[in-house]
Number of protein chains: 4
Amino acid sequence: MVVANHIAGQIERGERAVGSRLPSELDLSNMWGVARMTTRRAIRELSERGLVPAVHGKGTFVTQPDAWARAGSRLAGAIPECHSGIGGPGTPLSVAEDA
Amino acid sequence: MVVANHIAGQIERGERAVGSRLPSELDLSNMWGVARMTTRRAIRELSERGLVPAVHGKGTFVTQPDAWARAGSRLAGAIPECHSGIGGPGTPLSVAEDA
Amino acid sequence: MVVANHIAGQIERGERAVGSRLPSELDLSNMWGVARMTTRRAIRELSERGLVPAVHGKGTFVTQPDAWARAGSRLAGAIPECHSGIGGPGTPLSVAEDA
Amino acid sequence: MVVANHIAGQIERGERAVGSRLPSELDLSNMWGVARMTTRRAIRELSERGLVPAVHGKGTFVTQPDAWARAGSRLAGAIPECHSGIGGPGTPLSVAEDA
DNA sequence: GTGGTCTAGACCACA
DNA sequence: GTGGTCTAGACCACG
């Protein structure tokens, strides 16, 4: 799978910040000029490798395979979960913080 | 959904007293770690099955499916409606005990 | 109503930017230490004066009474986003209306 | 809701052909200027009344309440289900003409 | 302060 | 590329 390898490479080379959100499936499809299903297949592959845990209704986030292997459950803290905000590099998540 | 089945099971197993009020949607959302809309979906499903009639501005109450089948329309009087005074202190509206 | 006057004053003195969103009703209630209903009443009063049109599901925004009186339809442009045709061009913000 | 009644009226007045597919939820959302979830609510309501059975991955189709009442279960075969091939071009599945 | 409805946008499952 | 479900958070109506 070309696209899967493409994005996997980006992550492994550090071109995509850990904790950052991937563009939406639709955006990626348009960016790559491929069908949505192809994008989904690629994302799914990466998900299964633990590179980009998808959080339903929120987005798909990049984590570090390395960290994943090391920490296991601690990963939960690295991924922006239901309530917490991770405060990683360039995190567009905590929107509600300002008054 | 899982949460709907979860609470439905609690009711059917009698873990939730008939006539008691469920925690508010917000509380349940926090308890389950899901968005409020997800909670609403679950509650709605149960509402449609007649297990937990929701009363606007008051709360959501558990009734007994058994009693429901037995009593039919008479149940309507057992559910805290506009006219009734169950909003007051300690009125468990036991449906079954009048049979 | 003290709170209504308070925020109305803020707007009229320009302390709240035109087009900006007000804090949520809950936040305002906490800020002022009053019940939610009080806040709602205050907001409602301002809404009726055209100071802070509330957009369902989005928030409450401040506009300029002056501009409101002048332009009417141009008000839509004063509210951030107004993406939809809900209040469309030439429609004085009646969100709840539909054919 | 208003939109639900709107489209329900269209169907009941015969402005939407029986067997025809409704625009997608996204299209309807854009047409009405509302969020997709609002559209879903409306569609859902109609679905529960049997007016517009939704078929996952295919679309939402209009049937006739009248025919529904007459035909009962036979209607099931008229609605594009898993087995049928109405996904192809031009299969108007006219429910009423077999009566 | 509860339930009810809505915005805006994401991922998921089916075809 | 559709319908299905979910997140996150706002305003609305009832009491």
Side-chain angles (χ1 to χ4, degrees), chain A residues 21-27 29 35-37 39-40 43-44 47 53-61 80-83 85 93-96, chain B residues 1 3 21-29 33-44 47 52-61 80 82 87, chain C residues 21-27 29 35-37 39-40 43-44 47 53-61 81 83-84 86 95-96, chain D residues 1 3 21-29 33-44 47 52-61 80 82 85 87:
Chain A
R21 215 199 62 201
L22 257 57
S24 76
E25 296 179 342
L26 194 58
D27 287 344
S29 300
R36 176 88 138 273
M37 223 194 77
T39 301
R40 276 193 56 68
I43 299 274
R44 186 195 188 82
S47 278
V55 181
H56 196 138
K58 267 182 141 176
T60 308
F61 302 85
E81 269 188 318
C82 310
H83 318 88
L93 291 175
S94 33
V95 193
Chain B
M1 248 292 272
V3 290
R21 213 200 65 200
L22 256 57
S24 75
E25 295 179 343
L26 196 58
D27 287 344
L28 289 173
S29 299
V34 297
R36 188 184 158 205
M37 251 204 66
T38 309
T39 301
R40 279 191 58 72
R41 274 193 71 81
I43 300 276
R44 179 191 173 84
S47 280
V52 290
V55 181
H56 192 149
K58 277 207 176 142
T60 307
F61 301 85
C82 315
Chain C
R21 214 199 63 204
L22 257 57
S24 76
E25 295 180 343
L26 193 59
D27 287 343
S29 300
R36 176 86 137 274
M37 222 195 78
T39 301
R40 275 193 56 67
I43 299 275
R44 186 193 190 83
S47 279
V55 180
H56 195 138
K58 267 181 139 174
T60 307
F61 301 86
E81 260 311 275
H83 70 292
S84 64
I86 286 183
V95 185
Chain D
M1 247 292 271
V3 289
R21 213 198 65 201
L22 257 58
S24 75
E25 295 180 342
L26 195 58
D27 287 344
L28 290 173
S29 300
V34 297
R36 188 185 158 203
M37 251 204 66
T38 308
T39 301
R40 279 192 59 70
R41 275 192 71 80
I43 299 276
R44 179 192 172 84
S47 279
V52 291
V55 182
H56 192 150
K58 277 205 174 146
T60 307
F61 301 85
C82 315

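Chain letters run A, B, ... following the sequence lines, proteins first and then strands; every chain starts at 1. Basis for what follows: all heavy atoms, side chains included, without hydrogens, waters or symmetry-related copies.
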> Starting at the 5' end of DNA chain E, which residue's closest nucleotide do you reach first, Gly59(B) or Ala35(D)?
Replying inline: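 Result of the comparison: Gly59(B).
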> More 5' along DNA chain E: Glu25(A) or Glu25(B), using each one's nearest nucleotide?
Replying inline: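 Result: Glu25(B).
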Nearest-angstrom distance from the residue atom [atom1] of [X] to [atom2] of [N]:
X        : N       : atom1 : atom2 : value
Ile43(A) : dA13(E) : CD1   : P     : 14 Å
Asp27(D) : dG1(F)  : CG    : P     : 11 Å
Lys58(C) : dC6(E)  : NZ    : C1'   : 11 Å

> Crowded around Arg44(C) CZ? As in, over 12 foreign heavy atoms under 6.0 Å?
Replying inline: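 Open.
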> Considering only dG4(E), dG15(F), dG4(F), which nucleotide approaches the side chain of Met37(C) most closely?
Replying inline: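 The closest nucleotide is dG15(F).
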>> Taking salt bridge (Lys or Arg N to Asp or Glu O under 4.0 Å) as the definition, give me every residue that meets it alongside Arg21(B), ordered by chain and number, with sequence neighbours left out.
In response: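 Checked Arg21(B) against salt bridge (Lys or Arg N to Asp or Glu O under 4.0 Å); zero matches.
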>> When you measure only distances, ignoring hydrogens and angles, does the side chain of His56(D) come within 3.5 Å of the base of dT2(F) through a donor and an acceptor?
In response: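 No pair found.
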> DNA chain F: Ser24(C) or Arg36(A), which has the more 5' nearest nucleotide?
Replying inline: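 So the residue in question is Arg36(A).
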> Starting at the 5' end of DNA chain F and moving along, which residue's nearest nucleotide shows up first, Arg40(A) or Leu22(C)?
Replying inline: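 Nearer the 5' end of the strand: Arg40(A).
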> Would one find a side-chain N or O of Thr60(D) under 4.0 angstrom from OP1 or OP2 of dG3(F)?
Replying inline: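 For Thr60(D), the contact criterion (side-chain N or O under 4.0 Å from OP1 or OP2 of dG3(F)) is met.
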>> For a stem of at least 3 consecutive Watson-Crick or G-U pairs with distances under 3.5 Å, i pairing with j, i+1 with j-1 and so on, which stems involve DNA chain F?
In response: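 Detected stem regions: E:1-14 with F:1-14.
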